[in-house]
Amino acid sequence: MKLTRTHTLGFPRMGAYRELKFALEKHWRGEIDEAALTQTGTDLRKAHWQAQRDAGLAVVTVGDFAFYDHVANHIQMLGCEPTRFGFDGHASELSRYFSMARGVTDDVKIDVAGDAKGGVTGEANHAETCAHHTHGFALEMTKWFDTNYHYLVPEFTAATAFKLASNRLFDEVAEAQALGHPVKAVLLGPLSFLFLGKEKEAGLERLSLLDGLLPVYEQILSRLKEQGVDWVQIEEPILGLDLPADWRNVFERSYWQLARSAPKILLATYFSPLEDNLRLACQLPVAGLHVDAVRAPHDLTSVADWLPAHKVLSVGIVDGRNIWRTDVDAALACLQPVANKHQGELWLAPSCSLLHVPFSLQAEQILDAETKSWMAFAIEKLGELRVLSAALGGDAASVAAELTAARSAIAARRVSKRVHRVDVALRIARATSSDDHRQSSFAQRQRLQRARFALPALPTTTIGSFPQTPSIRAARAAFKRGTLAEADYRQKMEEEITLAVREQEALDLDVLVHGEAERNDMVEYFGEQLDGFAFTQNGWVQSYGSRCVKPPVIFGDVARPKAMTVSWTTFAQSLTTKPVKGMLTGPVTILQWSFVRDDQPRSVTTEQIAWAIRDEVVDLEHAGIGIVQIDEPAIREGLPLRRAGWKPYLLQATRAFRITASGVADDTQIHTHMCYSEFNDILPDIASMDADVITIETSRSDMELLRGFGDFQYPNEIGPGVYDIHSPRVPTQDEIIRLMRKAVSVVPRDNLWINPDCGLKTRGWPETRAALASMVGAAKVLREELAAG
Ligand code: GLN
Ligand code: ZN
């Protein structure tokens with residue numbers, strides 16, 4: 001029997017109870033020093049390596065730990081900290097690291113820490129931010145492929161030079177060795193590192209920096225070899241992208257160069273099919289290849305065909321992106337033919353780093369036993385590897401009990417009445433082709449809506465949330481703890497709504513909102529009221545730095561037992577004669593920010609959510625609410641990594657939105673909101689959502705992003721954001737007038753609204769009041785100008 005070994009690409013860093021988060025935040029507040037923080041890191045690594053050994057893994061993985069982000073670790077190791085920070089040789093490595101991650105001045109990360117976009121359970125999320133690049137500003141953050149993890153973006157200029165500048169990795173290797181562990185070190189590959197960075201200088205092509213970078217990798221690899229490290233996992237996830245030819249072409253020579261000095265290299269890919277890069281990946285001069293058999297099962301067969309027998313094939317068979325227990329029989333059925341075909345060593349692993357799943361189910365005390373038995377977090381996934389490897393190696397007897405438990409959990413989940421509901425299935429089966437579009441064309445609806453609402457030119461509105469003051473948070477928390485009675489809670493929230501409505505009337509806004517005081521989070525709030533969702537106590541996943549999110553778990557068919565928002569919205573409407581806009585989260589966003597069931601296509605789950613939210617839209621309409629906003633900030637981030645997957649995804653995502661929006665009469669106005677407008681490449685699809693009004697984020701790009709809508713002749717109404725809500729800075733009226741003049745030159749003025757970039761929940765009232773006053777003032781000036789021709 002060929003050797004079957006188990007390993008993991010990486011492990012969650014935060015600790016079982018987010019120890020790292022709390023230590024980091026204490027350190028940043030000045031409560032603990034570097035030594036104490038470093039000790040927390042040491043303790044966590046030690047515990048995490050021990051967990052890997054306890055699960056029988058052949059090696060422990062070293063180099064996956066980071067105090068903020070593993071890409072930032074590489075920036076330091078490779079000696080390319082941007083010079084704009086002006087580090088003068090006095091600051092410690094760790095303090096420079098946090099300066100790059102968080103900025104040098106205190107207020108720098110205000111836009112991130114207070115980010116209103118998404119974010120589950122009060123923790124911010126989705127922090128594409130900090131477009132500013134003056135000195136001292138934090139490095140830009142962006143999403144790590146299609147995950148909710150954000151990495152710090154390396155910055156390159158023509159002057160960027162690389163040198164081996166940190167011993168962190170080598171120290172951690174020594175640390176693991178001292179504990180007696182066999183070590184596999186991990187590095188982000190040179191090509192992915194360059195690819196994920198950004199040029200900060202016109203005319204520079206970062207690929208040209210490769211020749212300066214490779215010698216540093218060589219140095220790192222020979223140091224690791226000297227340390228006695230047998231295997232180095234080098235990750236090149238960009239092999240799962242539609243790579244430009246010049247990037248593809250340099251792989252071979254780069255890896256020949258690295259092979260000279262390296263220990264055995266396991267080249268790791270994940271998240272996306274290799275496809276056109278498959279032969280390249282199989283033929284590179286490395287000792288092994290890891291493929292993601294969860295995201296790209298079809299790659300596996302071809303890799304088994306192409307990979308030379310002397311190479312190790314590492315199969316990512318356990319889902320590193322989701323929290324479900326592995327279907328052992330399906331996994332074995334997938335592995336067996338590969339084991340038969342591939343003549344070399346076979347290793348088993350999670351599909352990608354376990355960074356993207358929570359730590360362990362052991363901390364879940366409230367989750368019902370049945371749902372819990374269907375799940376596996378990081379620790380449990382390591383256990384699954386042990387079971388699979390024994391069973392595949394012909395030693396099923398030694399794991400008989402585990403196999404039985406796994407099989408019965410999977411069998412129970414497959415037939416559970418909590419998962420599969422006839423009413424939900426029937427609802428979808430009965431859908432007709434008229435369910436996913438409005439009754440009349442936009443032109444017709446626009447006429448009716450104009451007649452109904454009689455809004456002024458350039459109507460003003462907001463994106464939904466108003467400041468979530470400490471007293472609002474306290475009331476919600478007390479209600480949740482059970483120390484605030486329902487009636488008292490209701491009264492408190494109604495007071496907050498009243499306040500928000502009074503403020504908006506005083507500001508003379510045209511379309512009002514209730515302010516979302518009762519919402520902890522735009523996804524969790526709905527998940528808690530829908531059937532088919534479960535919530536964990538401790539299912540935290542790192543989003544960026546010390547920030548974690550706790551995504552809801554969609555385990556079953558989704559249905560809405562009763563109205564979710566109607567009473568709050570109608571209460572707000574009862575206070576004013578101006579229209580109050582109802583506020584809902586759309587199906588794609590709810591899906592995107594949750595752990596999604598893996599036993600049916602995501603498109604089916606999206607559609608179930610769409611029907612549930614549609615019922616809410618219709619109920620709002622029946623309750624007299626004439627305008628409803630369905631937020632879809634996550635539509636773009638759901639795009640598959642490979643372009644070939646875009647169209648099918650967009651077709652189902654936009655259809656789901658239209659199902660949600662199309663149950664109402666023509667004179668009910670549907671808004672949608674997205675937190676960006678960099679979607680020039682998908683504008684036809686955005687248009688196909690057919691929302692009557694779309695509000696987008698455009699102020700930080702100085703309205704440049706609106707241009708795409710103009711060029712495309714976007715047919716419906718648009719509210720381009722006129723000020724950045726990520727900052728407490730109050731925009732002046734003139735600034736907003738200037739931006740709106742620009743907007744008017746780009747899209748027809750009859751179709752324009754005026755609103756902020758996004759929701760205001762992270763802001764305080766004083767700046768909110770002042771900013772909205774500028775905004776309404778600007779609208780009035782512009783209206784007079786328009787009236788005067
Ligand atoms: N309605 C939400 C709010 O105003 C929208 C948030 C978002 O776009 N992510 O907070
Ligand atoms: Zn937004």
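One-based numbering, in listed order, for ligands and for the atoms of each. Side-chain atoms are counted along with the backbone in the values below, which use heavy atoms only and exclude waters and symmetry mates.
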* Between the side chains of Tyr149 and Asp69, is a donor N or O closer than 3.5 angstrom to an acceptor N or O? -> yes

* To do: Check the angle between the aromatic planes of Trp144 and Tyr151 and answer parallel, tilted or perpendicular using the 30° and 60° thresholds.
  => perpendicular

* Asked: Just by distance, with hydrogens left out, do Asn755 and Thr461 show a side-chain donor and acceptor under 3.5 Å apart?
  -> no

* Structure fact -> Under 4.0 Å between heavy atoms, the region of Met674 that gets near ligand 1 turns out to be neither

* Gln629 N/O under 3.5 Å from ligand 1 N/O -> no

* Asked: For ligand 1, which atoms, with element, lie under 4.0 Å from some heavy atom of Cys758?
  -> 7 (C), 8 (O)

* **Glu528: partners by side chain to side chain contact (heavy atoms under 4.5 Å, CB included), with sequence neighbours left out** => Lys480, Asn520, Glu524, Phe535

* **For the Zn ion (ligand 2), the closest N/O/S atom belonging to His673** => NE2

* Taking all heavy atoms of Gly626 and all of Phe453, pick out the closest pair and write down the distance. => O-CZ, 3.4 Å

* To do: Report the C-alpha distance between Arg729 and Glu735 in whole Å, list the side-chain angles of each, state the deciding distance to 0.1 Å, and finish with yes or no for salt bridge (Lys or Arg N to Asp or Glu O under 4.0 Å).
  => CA-CA 12 Å; Arg729 204 185 138 266; Glu735 230 171 282; 2.9 Å; yes

* To do: Return the orientation label for the Trp28 and Tyr68 ring planes: parallel under 30°, perpendicular over 60°, tilted otherwise.
  => tilted

* How about Glu678: does its CD atom have over 12 heavy atoms from other parts shown lying under 6.0 Å from it? -> no

* Proximal ligand 1 atoms for Pro633, defined as those under 4.0 Å from one of its heavy atoms -> 9 (N)

* Could you list which atoms of ligand 1 come closer than 4.0 Å to a heavy atom of Gly759? => 3 (C), 4 (O), 10 (O)

* Please could you name the atoms of ligand 1 that Gly464 approaches to less than 4.0 Å, counting only its heavy atoms? => 4 (O)

* Please note down the angle at the Zn ion (ligand 2) between SG of Cys675 and SG of Cys758, to the nearest 10°. => 120°

* Backbone or side-chain N or O of Glu516 under 3.5 Å from ligand 1 N or O -> yes

* Ligand-residue contact atoms, ligand 1 with Cys675, heavy atoms, under 4.0 Å -> 7 (C), 8 (O), 9 (N)

* Pick, from Val523, Asp631, Ile630, the option with the minimum heavy-atom distance to atom 2 (C) of ligand 1. => Asp631

